[in-house]
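Report on the structure given below.
Letters A, B, ... mirror the listed sequences (proteins, then strands); counts begin at 1. What you see is a predicted model, and the numbers here were worked out from it, not measured in a lab.
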Amino acid sequence: MASVDETAPAAPSREEAADEVAALTIRINEARDAYYERDTVIISDAEYDELMRRLEALERLYPELQSQDSPTLTVGGRGETTLFAPVEHAERMLSLDNVFSADELAEWATRARAAAGRDVHWLCELKIDGLALNLRYRRGRLVSAATRGDGRVGEDVTENVRFVPGIPMQLEGTGHPELVEVRGEVFFPTAAFDALNARQAETGEREFANPRNAASGSLRQKAEGKNAAQIELMRARLGGLQMLVHGIGAWPDPPVAAQSEVYGLLAEWGLPTSTRFRVVDSIEGVQEFVAYYGEHRHSVEHEIDGVVVKVDELALHAELGATSRAPRWAIAYKYPPEQVNTTLVDIVVSVGRTGRATPYAVMEPVRVAGSVVRQATLHNQEVVKAKGVLIGDTVVLRKAGDVIPEVLGPVVELRDGTEREFVMPAECPECGTPLRPMKEGDIDLRCPNARTCPAQVRGRVEHIGSRGALDIEALGEVSAAALTQPRVPAEPPLPTEAGLFDLTVDDLTPIEVVVRDAETGLEKLDADGSARVRAPFRRNPTSAERKAGLEGPQPSASAIKLIDEIAKAKTKPLWRILVSLNIRHVGPVAARALADHFGSLEAIRAASRDELAEVEGVGSIIADSLIDWFEVDWHREIVDRWAAAGVQFATPGHPGPGRATDGGGVLAGLTVVATGSLEGFTREGAQEAIIAAGGKAASSVSKKTDFVAAGPGAGSKLAKAEELGIRILDAAQFAILVTKGPDALEQ
DNA sequence: CACCCTCGAGTTCA
DNA sequence: CTCGAGGGTG
């Protein structure tokens, strides 16, 4: 393409240029605002391009005239304000269905081929472990870059994407549609990821667990409030990212017939595409590709978690169509969970809130299946014996279900004789009480010192704060530990949970806790060798407060918040109070049933074994558990002290035992499971909505389930529902279900 | 005596 | 979210 600029007149002076740059900037910004913000056109494309070219030329001539927010640097609408704003994708970004074995893959391919009704070509490519990104180009110019989000609406990260190398601001060549969306994966190549983590470690910042998190974190950085050096660093991080484009949004009449040819076009437009793909004409060819990269997954420059197989013929994509979640013409094959070797440094025993002593493996930190693992549970001493691991062994580690770390066993050949056997301690590691099985034949050992064992008190207090119990936001792991075993004062404010509702801000302010290293669990030391402590519940007075005559430390915001939230918890529903009493086998479900049936703790305490067992979901075991619980003095003391502090142990207006207001509601007799994130509902809120409508909110999908409400992020439950042919609802349908009932769905 | 379900624990992430 | 253990139900 010949340029008209070649015959341009003599270069303008710097002063003339400055004036012209200013004028051009205003003109271009007006045109952009009109176009992007108000969807109107005030100048032609040719004119616009001419203005941009002129501005670029002037800025090349006098680089100092290029302002930070020059239109040549910004993309789309006006920068900063749009960062992370929701962006609706022109076309839904679907996810892919998964298969986990060669057999399942072959079954899928056979089905797809049958549906197609003729021989197909298979396009095999690598499934990159990164972050899905949608790039929207209008008239060849990048107007937005957005994360996948829920598939319909993502987050605008355009401002940051500008600094990712390889993503063109302007498409090359011609022939691209007026408006086109391309999808791809942003990721850190393994080398860049390692370099990034090395830098994080150097500057004392947290290392990223895996390239995907690092990519996600990097794209979601904000320049706002950062100084020049920090912005420099942020851009350097973005500079380590890479993108590979692997798909294109709706293109009604593409000039090519196959997905693989689309990649050629994308490359011609200047978009980065992977060269590691192959088109084969048989299932055997697909399996070969899968096997090859299964062997060589670590010789690829980025992490991969599988292979994507697509039907290559574009005509068949439309024919095969898609479910609500995923296209039928593509599948993701996931490699089996990775196994790695590491050193078993030690086997340590922890005690939970029920007193159970659980040995767990402490290992040399190692990366497996995308994250760094240093611990894994060993369940109990029998399991340790069965696995045959010795302390000091090299062990094989994997992630079961790609999430939970699991020690498989020792590599016996690597032993050098220094390994030693694990001996289950006879005493509780936290309070020294001899451990014992609770009943004959139990494998689990427990610490019988339920009342004062620090581990158990800490665990119970934490449980009280948890979401399934009193849901006290400020009372989590850290606060629970601080309240039950601070370093100062020597006597903790909460020797047991009985005093929880008597706590005052003044009880909290003296608290100091020892800072421990997150990795080693050892106390961190100050320069002078004394342990480093933190006082989370107090702060120094402000100058204004000092002037007003206030002396000494003041309660911190978190102290006030904690006390305030504890006070609010006193009137929470009875079932929550019940759960927070830590009675064995009484979780949210049993507690709700009991609360509905009896209406007060007094009624539950007064009930006989048989009366308790009348409640749905409560049998003889739970009934005994309740009766036993009330027979313990210090348990009754908890109830008495909580009651004295104003905790409400009854449901106001409850008609009395056995006369629970029964049934009714639009969902009466129906079981609903909610999974994934449902727009407009919290996880808890969705359950509440089901129960409020008279339905049963189950936690797992079974044949008895009537509806499954699934949002983005839904996992195995959705798969199970599809397998069982259970009706699946999105958030909007779910909202209708819980307000108007199932009949309203048919309209 | 099968199922189906809840509980409890561990883990890791944002 | 997942798993194992063990309770509840039909």
Side-chain angles (χ1 to χ4, degrees), chain A residues 131 147 155 206-220 337 348-363 365 367-380 382-383 386 397-407 438-439 441-444 446 455-456 459-460 462-463 466 468-469 477 518 578-579 582-594 612-626 671 673-677 683 687 696-705 712-720 724:
Chain A
L131 195 72
T147 60
E155 278 183 325
R206 238 177 81 112
E207 292 182 41
F208 292 99
N210 58 53
R212 194 224 310 272
N213 293 339
S216 171
S218 300
L219 272 187
R220 305 170 100 268
V348 183
V349 172
S350 74
V351 174
R353 77 172 163 111
T354 62
R356 196 172 96 179
T358 310
Y360 62 93
V362 178
M363 290 160 294
R367 163 176 302 280
V368 51
S371 64
V372 174
V373 171
R374 52 189 111 239
Q375 289 183 6
T377 179
L378 291 168
H379 304 289
N380 57 52
E382 295 296 312
V383 172
L397 179 75
R398 74 157 177 186
K399 288 227 218 140
D402 247 18
V403 181
I404 312 291
E406 180 187 7
V407 173
M438 278 296 102
K439 56 182 202 305
D442 262 7
I443 292 170
D444 289 339
R446 290 176 190 272
Q456 295 185 59
R460 288 200 303 268
E462 192 185 331
H463 178 248
S466 71
E477 191 183 352
L578 262 176
V579 172
N582 283 291
I583 302 169
R584 288 272 264 153
H585 302 125
V586 179
V589 174
R592 264 187 219 265
L594 287 162
L612 289 168
E614 276 173 29
V615 178
E616 198 196 333
V618 176
S620 58
I621 307 268
I622 295 183
D624 283 342
S625 176
L626 283 156
T671 300
V673 174
T675 180
S677 52
R683 214 162 270 271
Q687 307 235 308
K696 198 169 168 215
S699 59
S700 57
V701 177
S702 70
K703 278 189 288 190
K704 288 190 200 162
T705 310
S716 61
K717 288 179 204 172
L718 178 56
K720 181 95 182 273
L724 294 172

Exercise for the section: Indicate yes or no for a side-chain donor-acceptor contact from A/Ser625 to the backbone of A/Ile621 under 3.5 Å, with no hydrogens or angles considered. Expected result: no

Would you mind reading off the distance between [X] atom [atom1] and [N] atom [atom2], rounded to a whole angstrom?
| X | N | atom1 | atom2 | result |
| --- | --- | --- | --- | --- |
| A/Ile583 | C/dG7 | CD1 | P | 17 Å |
| A/Asp624 | C/dG6 | CG | C1' | 15 Å |
| A/Arg374 | B/dC13 | CZ | P | 9 Å |
| A/Ile622 | B/dT6 | CD1 | P | 11 Å |
| A/Arg356 | C/dG4 | CZ | P | 13 Å |
| A/Leu594 | C/dG8 | CG | C1' | 14 Å |
| A/Asn380 | C/dA5 | CG | P | 9 Å |
| A/His379 | C/dG4 | NE2 | P | 8 Å |

Picking from B/dA9, B/dT11, B/dC7, the nucleotide nearest the side-chain atoms of A/Thr358 would be B/dA9

A/Pro405 has its side chain closest, among C/dG7, B/dC7, B/dT12, to B/dT12

Walking DNA chain B from its 5' end, the first of A/His463 and A/Val373 to be reached, judged by nearest nucleotide, is A/His463

Assign each of A/Ser350 and A/Gly587 the nucleotide of DNA chain B bearing its closest heavy atom; nearer the 5' end lies the nucleotide of A/Gly587

| message | Taking 4.0 Å as the cut-off, does a side-chain nitrogen or oxygen of A/Thr377 come that near to OP1 or OP2 on B/dT11? | response | no

Compare side-chain N and O positions of A/Arg353 against OP1 and OP2 of B/dG8 and report whether any pair is under 4.0 Å apart. yes

What's A/Gly352 touching, base or sugar-phosphate or nothing? Going by heavy atoms closer than 4.0 Å. nothing

Base, sugar-phosphate alone, or nothing: which one does A/Ser216 contact when heavy atoms must sit under 4.0 Å apart?
nothing

Can you tell if the side chain of [X] reaches within under 4.5 Å of the side chain of [Y], non-hydrogen atoms only?
| X | Y | answer |
| --- | --- | --- |
| A/Val407 | A/Met363 | yes |
| A/Val579 | A/His463 | yes |
| A/Leu626 | A/Leu594 | yes |

In short, A/Arg356 meets A/His379 closest at the heavy-atom pair NH2-O, 4.5 Å

